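Treat the numbers as computed from the prediction; the structure is a model and nothing was measured.
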Amino acid sequence: MSTDSDAETVDLADGVDHQVAMVMDLNKCIGCQTCTVACKSLWTEGGGRDYMYWNNVETKPGKGYPRNWEESGGGWKSSEHKERKPGQIPDKEDYGDAWEFNHEEIMYNGSDRPLRPDSDPEWGPNWDEDQGTGEYPNSYYFYLPRICNHCTHPSCVEACPRKAIYKREEDGIVLIDQERCRGYRYCVEGCPYKKVYYNATQKTSEKCIFCYPRIEGEGPDGKTFAPACAEDCPPQLRLVGFLDDEQGPIHKLVEEYEVALPLHPEYQTQPNVYYIPPFAPPQHSEDGESVDVDRIPRNYLEELFGERVHDALDTIEREREKVNRGGGSELLDMLTDTNPARKFRLEVFDDD
């Protein structure tokens, strides 16, 4: 299905009326993990979900969570979406074990040893946080928040033999019917972003639900709220709305200015979470002088966001120069807007 306007066309999945979407500005992420805590305390505390991070923030370059997820396959072989690419289910060690700490020894037995895990862990979430790559003084890293992409062509949906995973008609959110799921884990294998998790206690698969009860107005006082990861973010780096809301910032950033890009478009699932790629100060010479060389190599950003990242960065740079000359920029106004009503446009289709 497509919606047409005078100049733009938005491709929506078959049978979906509107597509909810999110844009994250990576230039604002400080890696504080408030989004991770907000999500975890709301949805994945206990009940076999301890190892799940429906929202995580990982350091790039880095191995991510689960470890080396970008090398685990999945997705589609082509943009025709006729044949899935084989994938792998991560090993338990790639998620990392829950660590037990020597709290009792420190808190109650008077030990002056440092607080540390009782075991000898070798991997876990954010194991390589803030490491990055490169040589001083030109080393670099940035943070990459990740949730389920609620893709237009989700390979997890196609992978499920029980048809337990589906896209909601009203907003395109990808959900798992817990009554139909039998825990086969084909969805875990099929998702190239490894954002579907197996609950060994419940014997079903689970994933990010885009906080749909909040956007349906089931929160306090019946009000509509954006997903907790977006609402609780201290630097407010996320915009939430609908891709086909042509007056909203999501549509403008993705479809008009083309500066918000999907992660790993080569997986061919057409994600509906988009990223403003990161800028960084230029490299320094041995004398400490700035030189005209990108600190974050463009070819690395191209690996993450595809070849369109060059045009996106150039567009943002042109808009920044325009503002520096005293001009106005709708693009930068959207990226720096702090008004919640404009950042989270979730009720625009309520009358449909």
Side-chain angles (χ1 to χ4, degrees), residues 1-25 74-85 146-160 163 165-175 187 190-193 195-196 207-210 212 215 227 238-277 302 304-312 315 331 334 344-352:
M1 172 185 174
S2 300
T3 61
D4 297 326
S5 66
D6 291 341
E8 307 293 338
T9 298
V10 176
D11 291 328
L12 302 181
D14 290 341
V16 168
D17 295 335
H18 305 287
Q19 179 61 59
V20 75
M22 182 181 291
V23 170
M24 302 191 202
D25 187 349
W76 299 93
K77 288 187 174 181
S78 76
S79 59
E80 294 182 349
H81 309 111
K82 292 181 178 178
E83 187 175 0
R84 289 194 303 113
K85 186 182 295 182
R146 296 201 305 121
I147 64 173
C148 167
N149 291 298
H150 299 278
C151 304
T152 296
H153 301 284
S155 50
C156 60
V157 171
E158 181 68 16
C160 180
K163 304 300 181 187
I165 309 183
Y166 62 100
K167 282 181 73 68
R168 291 211 311 185
E169 178 181 349
E170 60 266 42
D171 52 23
I173 293 175
V174 176
L175 296 175
C187 52
C191 173
Y193 300 94
K195 276 299 180 184
V196 186
K207 61 179 287 303
C208 161
I209 60 174
F210 212 82
Y212 75 81
I215 67 176
R238 307 185 189 212
L239 296 93
V240 184
F242 290 89
L243 188 62
D244 49 319
D245 170 15
E246 297 178 2
Q247 302 305 311
I250 299 278
H251 179 87
K252 291 183 178 180
L253 292 170
V254 174
E255 302 289 344
E256 294 182 24
Y257 287 98
E258 299 182 329
V259 296
L261 305 172
L263 179 63
H264 286 301
E266 74 275 16
Y267 295 165
Q268 306 288 353
T269 61
Q270 202 170 326
N272 287 300
V273 173
Y274 299 87
Y275 296 90
I276 304 296
E302 186 175 336
L304 294 179
F305 303 110
E307 59 185 16
R308 292 169 57 208
V309 74
H310 301 284
D311 289 341
T315 297
L331 170 57
M334 287 188 289
F344 308 137
R345 283 172 57 94
L346 288 164
E347 299 174 275
V348 65
F349 294 124
D350 280 1
D351 295 333
D352 283 9

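Put simply, the side chain of P271 reaches to within 4.5 Å of the side chain of Y193, judged on heavy atoms. Side-chain contact between V240 and P227 is present, with heavy atoms from C-beta onward closer than 4.5 Å. Two residues are said to be in side-chain contact when any heavy atoms from C-beta on lie closer than 4.5 Å; T269 and P192 meet this criterion. Put simply, the side chain of F349 reaches to within 4.5 Å of the side chain of D245, judged on heavy atoms. For the pair K195 and C208, the minimum side-chain heavy-atom distance is 4.5 Å or more. Side-chain contact between I215 and F344: absent, with no pair of heavy atoms (C-beta onward) separated by less than 4.5 Å. In this structure, the side chains of V273 and R146 stay at 4.5 Å or more apart for every pair of heavy atoms. Annotation: side chain of Y274 is not in contact with side chain of L253 (no heavy-atom distance under 4.5 Å).
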**Q.** From CA spacing to verdict: side chain to side chain contact (heavy atoms under 4.5 Å, CB included), E246, E255
**A.** CA-CA 9 Å; E246 297 178 2; E255 302 289 344; over 6 Å; no
Show, in sequence, the C-alpha distance, side-chain angles and deciding distance for Y212 and L175, and conclude whether the side chain to side chain contact (heavy atoms under 4.5 Å, CB included) test is met.
CA-CA 10 Å; Y212 75 81; L175 296 175; 3.9 Å; yes
Q. Would H153 and Q268 count as a side chain to side chain contact (heavy atoms under 4.5 Å, CB included) if you check the C-alpha gap in whole Å, the side-chain angles of each, and the deciding distance to 0.1 Å?
A. CA-CA 8 Å; H153 301 284; Q268 306 288 353; over 6 Å; no
- Could you walk me through whether Q270 and D11 pass the side chain to side chain contact (heavy atoms under 4.5 Å, CB included) test, one step at a time? CA-CA 10 Å; Q270 202 170 326; D11 291 328; 4.1 Å; yes
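Between the NZ atom of K85 and the OG atom of S155 there is a distance of 10.0 Å, given to the nearest 0.5 Å. With values rounded to the nearest 0.5 angstrom, Y275 atom OH is found 7.5 Å from R238 atom CZ. Separation of atoms CG (D17) and CD (E170) is listed at 7.5 Å; rounding is to 0.5 Å.
For the 3.5 Å distance criterion, the side chains of D244 and H18 qualify, holding a donor opposite an acceptor.
Aromatic ring pairs are classed by plane angle as parallel below 30°, tilted from 30° to 60° and perpendicular above 60°; the pair W76 and H81 is perpendicular.
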